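The block underneath contains the structure these notes are about, expressed in C-alpha coordinates.
The structure presented is a predicted model; accordingly, all values stated were derived computationally and were not measured. Letters A, B, ... are given to chains in the order of the sequence lines, protein chains preceding strands, and every chain is numbered from 1.
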Number of protein chains: 2
Amino acid sequence: MEAHAPGRDVSAEVAARLREAITSGRFMPNERLVEADLVTFLDANRANVRMALAMLDQEGLVVREPNRGARVRLLSDVEAIEIAEARRAIETMVARQAAERAGDDDRSVLQGIITDMKAAVAASDPVTYSRLNARLHREIQRIAANATASRLLQTLRSQLVRLQYQIALFPGRPAQSVVEHANIVAAICAGDGAAAEAAMRTHLDQVVANIRSAVTAARAGML
Amino acid sequence: MEAHAPGRDVSAEVAARLREAITSGRFMPNERLVEADLVTFLDANRANVRMALAMLDQEGLVVREPNRGARVRLLSDVEAIEIAEARRAIETMVARQAAERAGDDDRSVLQGIITDMKAAVAASDPVTYSRLNARLHREIQRIAANATASRLLQTLRSQLVRLQYQIALFPGRPAQSVVEHANIVAAICAGDGAAAEAAMRTHLDQVVANIRSAVTAARAGML
DNA sequence: ATTCTCAATATTGTCAACAATCTTGAGAAC
DNA sequence: GTTCTCAAGATTGTTGACAATATTGAGAAT
(Lines give C-alpha, C1' and ligand atoms only; values in the text may rest on other atoms or scores of the structure.)
Protein backbone atom coordinates (compact mmCIF):
# COMPACT_ATOMS: atom_id res chain seq x y z
CA MET A 1 0.00 0.00 0.00
CA GLU A 2 3.05 2.27 -0.33
CA ALA A 3 3.05 5.45 -2.40
CA HIS A 4 4.26 3.43 -5.36
CA ALA A 5 6.73 5.07 -7.68
CA PRO A 6 5.04 6.59 -10.75
CA GLY A 7 5.50 3.30 -12.63
CA ARG A 8 6.03 5.28 -15.81
CA ASP A 9 5.05 3.71 -19.09
CA VAL A 10 8.40 2.99 -20.72
CA SER A 11 7.26 3.06 -24.36
CA ALA A 12 5.50 6.38 -23.80
CA GLU A 13 8.68 7.78 -22.28
CA VAL A 14 10.76 6.53 -25.18
CA ALA A 15 8.25 8.11 -27.55
CA ALA A 16 8.56 11.38 -25.62
CA ARG A 17 12.34 11.35 -25.96
CA LEU A 18 12.11 10.64 -29.68
CA ARG A 19 9.49 13.35 -30.10
CA GLU A 20 11.75 15.83 -28.37
CA ALA A 21 14.68 14.78 -30.56
CA ILE A 22 12.65 15.25 -33.73
CA THR A 23 11.02 18.55 -32.79
CA SER A 24 14.32 19.96 -31.55
CA GLY A 25 15.89 19.25 -34.90
CA ARG A 26 18.17 16.42 -33.82
CA PHE A 27 16.74 14.45 -36.75
CA MET A 28 16.01 16.15 -40.04
CA PRO A 29 12.83 15.72 -42.07
CA ASN A 30 13.00 12.63 -44.26
CA GLU A 31 15.93 11.29 -42.28
CA ARG A 32 15.79 7.55 -41.78
CA LEU A 33 15.13 6.37 -38.25
CA VAL A 34 16.91 3.04 -38.03
CA GLU A 35 15.66 0.98 -35.13
CA ALA A 36 19.09 -0.26 -34.06
CA ASP A 37 20.43 3.29 -33.93
CA LEU A 38 17.47 4.50 -31.92
CA VAL A 39 18.00 1.67 -29.45
CA THR A 40 21.37 3.14 -28.50
CA PHE A 41 20.36 6.78 -28.89
CA LEU A 42 17.24 6.43 -26.76
CA ASP A 43 18.66 3.78 -24.44
CA ALA A 44 15.72 1.42 -24.91
CA ASN A 45 15.06 -2.02 -26.30
CA ARG A 46 13.84 -2.59 -29.81
CA ALA A 47 10.29 -3.47 -28.81
CA ASN A 48 9.85 -0.10 -27.13
CA VAL A 49 11.51 1.71 -30.01
CA ARG A 50 9.09 0.08 -32.39
CA MET A 51 6.14 1.03 -30.21
CA ALA A 52 7.40 4.60 -30.01
CA LEU A 53 7.69 4.75 -33.79
CA ALA A 54 4.15 3.44 -34.15
CA MET A 55 2.86 6.11 -31.74
CA LEU A 56 4.71 8.93 -33.48
CA ASP A 57 3.42 7.63 -36.78
CA GLN A 58 -0.11 7.87 -35.41
CA GLU A 59 0.79 11.32 -34.19
CA GLY A 60 1.95 12.44 -37.63
CA LEU A 61 5.57 13.09 -36.73
CA VAL A 62 6.93 9.97 -38.42
CA VAL A 63 6.02 7.93 -41.47
CA ARG A 64 6.55 4.19 -41.70
CA GLU A 65 6.65 2.01 -44.79
CA PRO A 66 6.36 -1.77 -44.55
CA ASN A 67 9.77 -3.43 -44.49
CA ARG A 68 11.41 -0.09 -45.18
CA GLY A 69 11.43 1.46 -41.78
CA ALA A 70 10.52 4.88 -40.45
CA ARG A 71 11.49 8.40 -41.44
CA VAL A 72 10.91 11.81 -39.97
CA ARG A 73 7.83 13.08 -41.71
CA LEU A 74 8.46 15.79 -44.24
CA LEU A 75 5.50 18.12 -44.49
CA SER A 76 4.35 19.18 -47.91
CA ASP A 77 3.40 22.79 -48.42
CA VAL A 78 -0.31 22.10 -48.32
CA GLU A 79 0.02 19.95 -45.20
CA ALA A 80 1.86 22.71 -43.35
CA ILE A 81 -0.89 25.16 -44.23
CA GLU A 82 -3.61 22.68 -43.30
CA ILE A 83 -2.05 22.13 -39.92
CA ALA A 84 -1.82 25.86 -39.28
CA GLU A 85 -5.47 26.24 -40.28
CA ALA A 86 -6.54 23.44 -37.95
CA ARG A 87 -4.58 25.04 -35.16
CA ARG A 88 -6.36 28.31 -35.84
CA ALA A 89 -9.76 26.63 -35.69
CA ILE A 90 -9.05 25.01 -32.32
CA GLU A 91 -7.17 27.84 -30.70
CA THR A 92 -9.80 30.47 -31.45
CA MET A 93 -12.23 28.31 -29.50
CA VAL A 94 -9.71 28.00 -26.69
CA ALA A 95 -9.33 31.78 -26.51
CA ARG A 96 -13.08 32.15 -26.13
CA GLN A 97 -13.20 29.59 -23.36
CA ALA A 98 -10.27 31.23 -21.60
CA ALA A 99 -12.13 34.53 -21.60
CA GLU A 100 -15.15 32.83 -20.08
CA ARG A 101 -13.16 31.07 -17.38
CA ALA A 102 -10.29 33.36 -16.41
CA GLY A 103 -9.93 34.36 -12.76
CA ASP A 104 -8.19 37.39 -11.30
CA ASP A 105 -4.87 35.63 -10.83
CA ASP A 106 -5.05 34.33 -14.39
CA ARG A 107 -5.50 37.85 -15.67
CA SER A 108 -2.43 39.17 -13.88
CA VAL A 109 -0.34 36.28 -15.22
CA LEU A 110 -1.35 37.09 -18.79
CA GLN A 111 -0.75 40.79 -18.37
CA GLY A 112 2.66 40.07 -16.89
CA ILE A 113 3.62 38.11 -19.99
CA ILE A 114 2.54 41.00 -22.21
CA THR A 115 4.72 43.35 -20.20
CA ASP A 116 7.71 41.02 -20.63
CA MET A 117 6.96 40.70 -24.34
CA LYS A 118 7.09 44.43 -24.84
CA ALA A 119 10.42 44.50 -23.04
CA ALA A 120 11.77 41.72 -25.24
CA VAL A 121 10.69 43.56 -28.37
CA ALA A 122 12.25 46.78 -27.12
CA ALA A 123 15.47 44.85 -26.46
CA SER A 124 15.31 43.18 -29.90
CA ASP A 125 15.53 39.78 -28.24
CA PRO A 126 13.67 37.37 -30.53
CA VAL A 127 14.70 34.29 -28.55
CA THR A 128 13.14 35.55 -25.34
CA TYR A 129 10.15 36.76 -27.30
CA SER A 130 9.65 33.35 -28.85
CA ARG A 131 9.76 31.77 -25.42
CA LEU A 132 7.21 34.23 -24.04
CA ASN A 133 5.04 33.60 -27.06
CA ALA A 134 4.95 29.88 -26.34
CA ARG A 135 4.31 30.56 -22.68
CA LEU A 136 1.40 32.90 -23.37
CA HIS A 137 -0.33 30.37 -25.58
CA ARG A 138 0.25 27.67 -22.96
CA GLU A 139 -1.23 29.85 -20.23
CA ILE A 140 -4.30 30.58 -22.31
CA GLN A 141 -4.79 26.88 -22.82
CA ARG A 142 -4.41 26.23 -19.11
CA ILE A 143 -7.05 28.85 -18.33
CA ALA A 144 -9.43 27.44 -20.93
CA ALA A 145 -9.19 24.12 -19.06
CA ASN A 146 -9.98 22.14 -22.17
CA ALA A 147 -7.71 19.10 -22.04
CA THR A 148 -8.88 17.71 -25.37
CA ALA A 149 -8.15 20.95 -27.20
CA SER A 150 -4.77 21.25 -25.50
CA ARG A 151 -3.82 17.75 -26.58
CA LEU A 152 -4.79 18.47 -30.19
CA LEU A 153 -2.89 21.75 -30.20
CA GLN A 154 0.22 20.13 -28.82
CA THR A 155 0.39 17.56 -31.59
CA LEU A 156 -0.44 20.13 -34.26
CA ARG A 157 2.20 22.53 -33.06
CA SER A 158 4.86 19.83 -32.72
CA GLN A 159 4.55 19.24 -36.44
CA LEU A 160 5.32 22.85 -37.22
CA VAL A 161 8.16 23.68 -34.84
CA ARG A 162 10.73 24.03 -37.55
CA LEU A 163 8.62 26.56 -39.41
CA GLN A 164 7.70 28.43 -36.23
CA TYR A 165 11.36 29.09 -35.57
CA GLN A 166 11.82 30.75 -38.91
CA ILE A 167 8.68 32.80 -38.56
CA ALA A 168 9.68 34.25 -35.20
CA LEU A 169 12.78 35.56 -36.92
CA PHE A 170 10.88 37.35 -39.66
CA PRO A 171 12.08 40.95 -39.45
CA GLY A 172 9.49 43.12 -37.74
CA ARG A 173 7.29 40.17 -36.91
CA PRO A 174 7.60 40.37 -33.10
CA ALA A 175 6.70 44.07 -33.09
CA GLN A 176 3.47 43.33 -34.93
CA SER A 177 2.82 40.15 -33.04
CA VAL A 178 3.01 41.75 -29.61
CA VAL A 179 0.12 44.04 -30.49
CA GLU A 180 -2.00 41.08 -31.54
CA HIS A 181 -1.14 39.29 -28.32
CA ALA A 182 -1.99 42.33 -26.25
CA ASN A 183 -5.42 42.48 -27.89
CA ILE A 184 -6.05 38.83 -27.09
CA VAL A 185 -5.09 39.32 -23.45
CA ALA A 186 -7.18 42.44 -23.16
CA ALA A 187 -10.25 40.60 -24.43
CA ILE A 188 -9.66 37.65 -22.12
CA CYS A 189 -9.18 39.91 -19.12
CA ALA A 190 -12.39 41.74 -20.01
CA GLY A 191 -14.17 38.40 -19.99
CA ASP A 192 -15.32 39.03 -23.56
CA GLY A 193 -15.36 35.63 -25.25
CA ALA A 194 -16.36 36.85 -28.69
CA ALA A 195 -13.65 39.52 -28.69
CA ALA A 196 -11.03 37.03 -27.51
CA GLU A 197 -12.00 34.64 -30.27
CA ALA A 198 -11.80 37.41 -32.86
CA ALA A 199 -8.45 38.68 -31.57
CA MET A 200 -7.00 35.17 -31.61
CA ARG A 201 -8.30 34.66 -35.14
CA THR A 202 -6.65 37.86 -36.30
CA HIS A 203 -3.40 36.73 -34.73
CA LEU A 204 -3.51 33.25 -36.23
CA ASP A 205 -4.52 34.59 -39.63
CA GLN A 206 -1.10 36.23 -39.56
CA VAL A 207 0.54 32.98 -38.54
CA VAL A 208 -1.15 31.13 -41.40
CA ALA A 209 -0.08 33.87 -43.82
CA ASN A 210 3.47 33.67 -42.55
CA ILE A 211 3.55 29.94 -43.01
CA ARG A 212 2.40 30.43 -46.57
CA SER A 213 5.32 32.80 -47.05
CA ALA A 214 7.72 30.42 -45.34
CA VAL A 215 6.80 27.46 -47.51
CA THR A 216 6.95 29.46 -50.73
CA ALA A 217 10.31 30.83 -49.62
CA ALA A 218 11.45 27.29 -48.92
CA ARG A 219 10.24 26.18 -52.31
CA ALA A 220 12.27 28.96 -53.86
CA GLY A 221 15.35 27.49 -52.17
CA MET A 222 15.86 30.40 -49.80
CA LEU A 223 16.25 28.26 -46.70
CA MET B 1 10.36 -4.80 -60.75
CA GLU B 2 6.87 -6.25 -60.45
CA ALA B 3 3.87 -4.21 -59.27
CA HIS B 4 4.54 -5.40 -55.74
CA ALA B 5 1.59 -6.24 -53.61
CA PRO B 6 0.60 -3.38 -51.25
CA GLY B 7 2.82 -4.84 -48.51
CA ARG B 8 0.30 -3.72 -45.93
CA ASP B 9 1.57 -2.66 -42.53
CA VAL B 10 0.43 -5.46 -40.25
CA SER B 11 0.34 -3.51 -36.98
CA ALA B 12 -1.69 -0.75 -38.62
CA GLU B 13 -4.12 -3.33 -39.90
CA VAL B 14 -4.44 -4.94 -36.49
CA ALA B 15 -5.04 -1.51 -35.02
CA ALA B 16 -7.74 -0.90 -37.62
CA ARG B 17 -9.50 -4.13 -36.70
CA LEU B 18 -9.35 -3.30 -33.01
CA ARG B 19 -10.58 0.23 -33.67
CA GLU B 20 -13.52 -1.16 -35.60
CA ALA B 21 -14.28 -3.60 -32.79
CA ILE B 22 -14.27 -0.85 -30.20
CA THR B 23 -16.26 1.70 -32.16
CA SER B 24 -18.80 -0.90 -33.18
CA GLY B 25 -19.43 -1.75 -29.55
CA ARG B 26 -17.81 -5.19 -29.55
CA PHE B 27 -15.88 -4.01 -26.48
CA MET B 28 -17.55 -1.87 -23.88
CA PRO B 29 -16.03 1.26 -22.29
CA ASN B 30 -13.75 0.36 -19.41
CA GLU B 31 -13.60 -3.24 -20.54
CA ARG B 32 -10.18 -4.78 -20.09
CA LEU B 33 -8.30 -5.56 -23.29
CA VAL B 34 -6.16 -8.57 -22.39
CA GLU B 35 -3.34 -9.05 -24.85
CA ALA B 36 -3.66 -12.82 -25.01
CA ASP B 37 -7.36 -12.56 -25.82
CA LEU B 38 -6.75 -9.96 -28.51
CA VAL B 39 -4.12 -12.21 -30.07
CA THR B 40 -6.81 -14.79 -30.82
CA PHE B 41 -9.61 -12.32 -31.53
CA LEU B 42 -7.53 -10.26 -33.95
CA ASP B 43 -5.51 -13.18 -35.27
CA ALA B 44 -2.17 -11.48 -34.69
CA ASN B 45 0.94 -11.96 -32.60
CA ARG B 46 1.46 -10.23 -29.31
CA ALA B 47 4.00 -7.76 -30.64
CA ASN B 48 1.49 -6.40 -33.12
CA VAL B 49 -1.29 -6.38 -30.57
CA ARG B 50 0.89 -4.32 -28.26
CA MET B 51 1.73 -1.89 -31.05
CA ALA B 52 -1.94 -1.57 -31.93
CA LEU B 53 -2.78 -0.82 -28.30
CA ALA B 54 -0.07 1.84 -28.19
CA MET B 55 -1.47 3.45 -31.34
CA LEU B 56 -5.05 3.43 -30.10
CA ASP B 57 -3.82 4.85 -26.82
CA GLN B 58 -2.22 7.70 -28.73
CA GLU B 59 -5.50 8.03 -30.61
CA GLY B 60 -7.50 8.32 -27.41
CA LEU B 61 -9.59 5.21 -27.88
CA VAL B 62 -7.75 3.15 -25.27
CA VAL B 63 -6.00 3.86 -21.99
CA ARG B 64 -3.00 1.91 -20.76
CA GLU B 65 -1.62 1.68 -17.25
CA PRO B 66 1.87 0.33 -16.60
CA ASN B 67 1.79 -3.33 -15.69
CA ARG B 68 -1.99 -3.24 -15.62
CA GLY B 69 -2.85 -3.47 -19.25
CA ALA B 70 -5.22 -1.61 -21.51
CA ARG B 71 -8.92 -0.75 -21.31
CA VAL B 72 -11.41 0.80 -23.64
CA ARG B 73 -11.38 4.45 -22.75
CA LEU B 74 -14.45 5.63 -20.89
CA LEU B 75 -15.18 9.26 -21.65
CA SER B 76 -16.08 11.52 -18.80
CA ASP B 77 -18.91 13.97 -19.32
CA VAL B 78 -16.59 16.91 -19.81
CA GLU B 79 -14.38 14.98 -22.21
CA ALA B 80 -17.35 14.05 -24.38
CA ILE B 81 -18.39 17.68 -24.56
CA GLU B 82 -14.83 18.83 -25.24
CA ILE B 83 -14.56 16.41 -28.12
CA ALA B 84 -17.84 17.59 -29.60
CA GLU B 85 -16.65 21.19 -29.28
CA ALA B 86 -13.36 20.41 -30.98
CA ARG B 87 -15.23 18.68 -33.75
CA ARG B 88 -17.40 21.76 -34.17
CA ALA B 89 -14.34 24.02 -34.41
CA ILE B 90 -12.74 21.89 -37.14
CA GLU B 91 -15.84 21.03 -39.10
CA THR B 92 -17.06 24.61 -39.41
CA MET B 93 -13.77 25.36 -41.12
CA VAL B 94 -14.22 22.34 -43.36
CA ALA B 95 -17.68 23.56 -44.38
CA ARG B 96 -16.24 26.90 -45.41
CA GLN B 97 -13.51 25.26 -47.46
CA ALA B 98 -16.04 22.93 -49.09
CA ALA B 99 -18.07 25.95 -50.18
CA GLU B 100 -14.97 27.52 -51.67
CA ARG B 101 -13.92 24.40 -53.53
CA ALA B 102 -17.11 22.59 -54.59
CA GLY B 103 -17.59 21.80 -58.28
CA ASP B 104 -20.84 21.19 -60.15
CA ASP B 105 -20.74 17.42 -59.67
CA ASP B 106 -20.05 17.91 -55.96
CA ARG B 107 -23.13 20.08 -55.65
CA SER B 108 -25.40 17.50 -57.21
CA VAL B 109 -24.05 14.80 -54.93
CA LEU B 110 -24.82 16.87 -51.86
CA GLN B 111 -28.29 17.77 -53.08
CA GLY B 112 -28.99 14.13 -53.81
CA ILE B 113 -28.17 13.24 -50.21
CA ILE B 114 -30.54 15.92 -48.94
CA THR B 115 -33.31 14.49 -51.11
CA ASP B 116 -32.69 11.02 -49.68
CA MET B 117 -32.62 12.43 -46.16
CA LYS B 118 -36.03 13.99 -46.57
CA ALA B 119 -37.35 10.67 -47.82
CA ALA B 120 -35.85 8.85 -44.82
CA VAL B 121 -37.45 11.32 -42.44
CA ALA B 122 -40.79 10.98 -44.17
CA ALA B 123 -40.47 7.21 -43.85
CA SER B 124 -39.45 7.50 -40.19
CA ASP B 125 -36.30 5.48 -40.91
CA PRO B 126 -33.68 6.67 -38.42
CA VAL B 127 -31.14 4.02 -39.42
CA THR B 128 -31.07 5.12 -43.05
CA TYR B 129 -31.06 8.71 -41.90
CA SER B 130 -28.07 8.12 -39.67
CA ARG B 131 -26.21 6.53 -42.57
CA LEU B 132 -27.01 9.46 -44.85
CA ASN B 133 -25.93 11.84 -42.14
CA ALA B 134 -22.52 10.19 -41.94
CA ARG B 135 -22.28 10.14 -45.71
CA LEU B 136 -23.10 13.83 -46.05
CA HIS B 137 -20.41 14.84 -43.58
CA ARG B 138 -17.92 12.59 -45.36
CA GLU B 139 -18.74 14.13 -48.73
CA ILE B 140 -18.30 17.62 -47.36
CA GLN B 141 -14.89 16.63 -46.06
CA ARG B 142 -13.93 15.13 -49.41
CA ILE B 143 -14.92 18.35 -51.17
CA ALA B 144 -12.98 20.49 -48.70
CA ALA B 145 -9.91 18.44 -49.65
CA ASN B 146 -8.27 19.05 -46.30
CA ALA B 147 -6.62 15.78 -45.37
CA THR B 148 -5.37 17.03 -42.01
CA ALA B 149 -8.81 18.18 -40.92
CA SER B 150 -10.37 14.93 -42.13
CA ARG B 151 -7.89 12.91 -40.11
CA LEU B 152 -8.62 14.92 -36.97
CA LEU B 153 -12.37 14.62 -37.47
CA GLN B 154 -12.14 10.88 -37.94
CA THR B 155 -10.40 10.35 -34.62
CA LEU B 156 -12.67 12.79 -32.82
CA ARG B 157 -15.80 11.17 -34.17
CA SER B 158 -14.61 7.64 -33.44
CA GLN B 159 -14.50 8.57 -29.78
CA LEU B 160 -18.14 9.58 -29.79
CA VAL B 161 -19.80 6.86 -31.85
CA ARG B 162 -21.68 5.40 -28.95
CA LEU B 163 -23.23 8.74 -28.10
CA GLN B 164 -23.98 9.55 -31.75
CA TYR B 165 -26.12 6.47 -31.98
CA GLN B 166 -28.28 7.55 -29.10
CA ILE B 167 -28.61 11.08 -30.39
CA ALA B 168 -29.84 9.99 -33.81
CA LEU B 169 -32.66 8.22 -32.00
CA PHE B 170 -33.76 11.30 -30.09
CA PRO B 171 -37.43 11.68 -30.94
CA GLY B 172 -37.90 14.44 -33.50
CA ARG B 173 -34.20 14.97 -33.94
CA PRO B 174 -33.95 13.86 -37.58
CA ALA B 175 -36.77 16.18 -38.64
CA GLN B 176 -34.94 19.15 -37.17
CA SER B 177 -31.56 17.94 -38.33
CA VAL B 178 -32.55 17.62 -41.96
CA VAL B 179 -33.35 21.31 -42.11
CA GLU B 180 -29.94 22.18 -40.70
CA HIS B 181 -28.28 19.92 -43.22
CA ALA B 182 -30.27 21.43 -46.09
CA ASN B 183 -29.07 24.89 -45.04
CA ILE B 184 -25.46 23.72 -45.03
CA VAL B 185 -25.79 22.21 -48.49
CA ALA B 186 -27.52 25.30 -49.85
CA ALA B 187 -24.69 27.52 -48.64
CA ILE B 188 -22.03 25.21 -50.05
CA CYS B 189 -23.79 25.01 -53.40
CA ALA B 190 -24.05 28.79 -53.46
CA GLY B 191 -20.30 28.96 -52.93
CA ASP B 192 -20.86 31.10 -49.85
CA GLY B 193 -18.12 30.11 -47.42
CA ALA B 194 -19.26 32.33 -44.56
CA ALA B 195 -22.84 31.08 -44.79
CA ALA B 196 -21.67 27.46 -44.94
CA GLU B 197 -19.55 27.99 -41.85
CA ALA B 198 -22.47 29.58 -40.02
CA ALA B 199 -24.91 26.86 -41.04
CA MET B 200 -22.50 24.15 -39.96
CA ARG B 201 -21.98 25.92 -36.66
CA THR B 202 -25.73 26.08 -36.07
CA HIS B 203 -25.98 22.39 -36.81
CA LEU B 204 -23.09 21.40 -34.54
CA ASP B 205 -24.32 23.65 -31.76
CA GLN B 206 -27.31 21.32 -31.71
CA VAL B 207 -25.05 18.28 -31.65
CA VAL B 208 -23.10 19.69 -28.72
CA ALA B 209 -26.34 20.48 -26.91
CA ASN B 210 -27.60 16.96 -27.55
CA ILE B 211 -24.43 15.46 -26.20
CA ARG B 212 -24.88 17.53 -23.07
CA SER B 213 -28.36 16.05 -22.76
CA ALA B 214 -27.11 12.55 -23.48
CA VAL B 215 -24.42 12.64 -20.82
CA THR B 216 -26.71 14.09 -18.19
CA ALA B 217 -29.28 11.47 -19.10
CA ALA B 218 -26.61 8.80 -18.77
CA ARG B 219 -25.58 10.19 -15.42
CA ALA B 220 -29.18 9.92 -14.32
CA GLY B 221 -29.06 6.23 -15.20
CA MET B 222 -31.48 6.45 -18.09
CA LEU B 223 -29.33 4.58 -20.58
C1' DA C 1 30.91 3.40 -69.89
C1' DT C 2 26.45 1.48 -68.75
C1' DT C 3 23.45 -1.75 -67.29
C1' DC C 4 22.50 -6.22 -65.11
C1' DT C 5 23.07 -9.95 -61.84
C1' DC C 6 23.36 -11.61 -57.56
C1' DA C 7 25.61 -12.55 -53.39
C1' DA C 8 26.72 -10.09 -49.05
C1' DT C 9 25.08 -7.05 -45.81
C1' DA C 10 21.79 -4.25 -43.43
C1' DT C 11 17.37 -3.70 -41.67
C1' DT C 12 12.79 -4.79 -40.47
C1' DG C 13 9.27 -8.32 -38.94
C1' DT C 14 7.97 -12.40 -36.12
C1' DC C 15 8.12 -15.43 -32.49
C1' DA C 16 8.76 -17.83 -28.19
C1' DA C 17 10.81 -18.05 -23.85
C1' DC C 18 11.65 -15.75 -19.74
C1' DA C 19 11.25 -12.06 -16.06
C1' DA C 20 8.53 -8.81 -13.48
C1' DT C 21 4.34 -7.42 -11.72
C1' DC C 22 -0.33 -7.73 -10.51
C1' DT C 23 -4.60 -10.30 -9.10
C1' DT C 24 -7.04 -13.87 -6.84
C1' DG C 25 -8.47 -16.95 -3.44
C1' DA C 26 -7.79 -20.18 0.32
C1' DG C 27 -6.54 -20.53 4.75
C1' DA C 28 -4.64 -18.32 9.20
C1' DA C 29 -5.21 -15.09 12.84
C1' DC C 30 -8.09 -12.43 15.42
C1' DG D 1 -17.44 -13.09 10.57
C1' DT D 2 -13.68 -10.12 9.23
C1' DT D 3 -9.23 -9.04 8.09
C1' DC D 4 -4.53 -10.49 6.88
C1' DT D 5 -1.03 -13.25 4.60
C1' DC D 6 0.92 -15.19 0.92
C1' DA D 7 1.38 -18.62 -2.51
C1' DA D 8 -0.51 -19.81 -7.08
C1' DG D 9 -2.08 -18.16 -11.22
C1' DA D 10 -2.78 -14.57 -14.62
C1' DT D 11 -1.04 -10.81 -17.18
C1' DT D 12 2.20 -7.53 -18.77
C1' DG D 13 7.11 -6.31 -19.89
C1' DT D 14 11.77 -7.60 -21.83
C1' DT D 15 15.03 -10.02 -24.34
C1' DG D 16 17.34 -12.52 -27.90
C1' DA D 17 17.19 -15.46 -31.72
C1' DC D 18 15.55 -16.21 -36.11
C1' DA D 19 12.98 -15.25 -40.59
C1' DA D 20 11.77 -12.16 -44.28
C1' DT D 21 12.74 -8.33 -46.93
C1' DA D 22 15.36 -4.53 -48.69
C1' DT D 23 19.77 -2.26 -49.94
C1' DT D 24 24.37 -2.19 -51.52
C1' DG D 25 28.37 -3.02 -54.20
C1' DA D 26 31.44 -5.76 -56.96
C1' DG D 27 31.89 -8.08 -60.96
C1' DA D 28 29.77 -9.84 -65.57
C1' DA D 29 27.67 -8.85 -69.83
C1' DT D 30 26.83 -5.69 -73.40
For this session: Output yes when B:Arg201 and B:Glu91 qualify as a salt bridge under the 4.0 Å nitrogen-oxygen rule, no when they do not.
Result: no
Problem set entry | A:Glu85 to A:Val208 - nearest heavy-atom pair and separation | N-CG2, 4.2 Å
Problem set entry | Proximal nucleotide (of D:dG13, D:dT11, C:dT12) relative to the B:Val34 side chain | D:dT11
Problem set entry | Under 3.5 Å donor-acceptor, B:Glu31 side chain and B:Arg73 backbone | no
Exercise. What's the closest nucleotide to the B:Arg68 side chain, out of D:dT15, C:dC22, C:dG13?
Worked result: C:dC22
Exercise. In whole angstroms, how far is the P atom of D:dT15 from the CG atom of A:Asn48?
Worked result: 8 Å
Seminar exercise, completed: Of the candidates D:dT15, C:dG13, D:dT11, the side chain of B:Arg32 sits closest to D:dT11
For this session: Select from A:Ser11 and A:Asn67 the residue whose nearest nucleotide in DNA chain D is closer to the 5' end of that strand.
Result: A:Ser11
Problem set entry | Spacing of B:Arg50 atom CZ relative to C:dA16 atom P, expressed in whole Å | 16 Å
Exercise. Of the candidate nucleotides D:dA22, D:dT14, C:dC22, which contains the atom at the shortest distance from the side chain of A:Asn45?
Worked result: D:dT14
Problem set entry | Between C:dG13 (C1') and A:Asp57 (CG): distance, integer Å | 16 Å
Exercise. When the distance from CG of B:Asp9 to P of D:dA22 is rounded to whole Å, what number comes out?
Worked result: 13 Å
For this session: Write down the distance between CD (A:Glu35) and C1' (D:dG16), rounded to a whole number of angstrom.
Result: 15 Å
Seminar exercise, completed: Atom CZ of A:Arg64 and atom P of D:dA22 are separated, to the nearest Å, by 16 Å
For this session: Find the distance B:Met51:CE to D:dT12:C1' and express it as a whole number of Å.
Result: 17 Å
For this session: Record whether the side chain of A:Arg46 comes under 3.5 Å of the base of C:dG13 through a donor-acceptor pair of N or O atoms.
Result: yes
Exercise. Please give, in whole Å, the distance from C:dA10 C1' to A:Leu33 CG?
Worked result: 16 Å
For this session: Measure from the side-chain N and O atoms of A:Thr92 to the backbone N and O of A:Ala89, and report whether any donor-acceptor pair falls under 3.5 Å.
Result: yes
Exercise. Looking only at atom types and distance, does a side-chain atom of A:Glu79 sit under 3.5 Å from a main-chain N or O of A:Ser76, one as donor and one as acceptor?
Worked result: yes
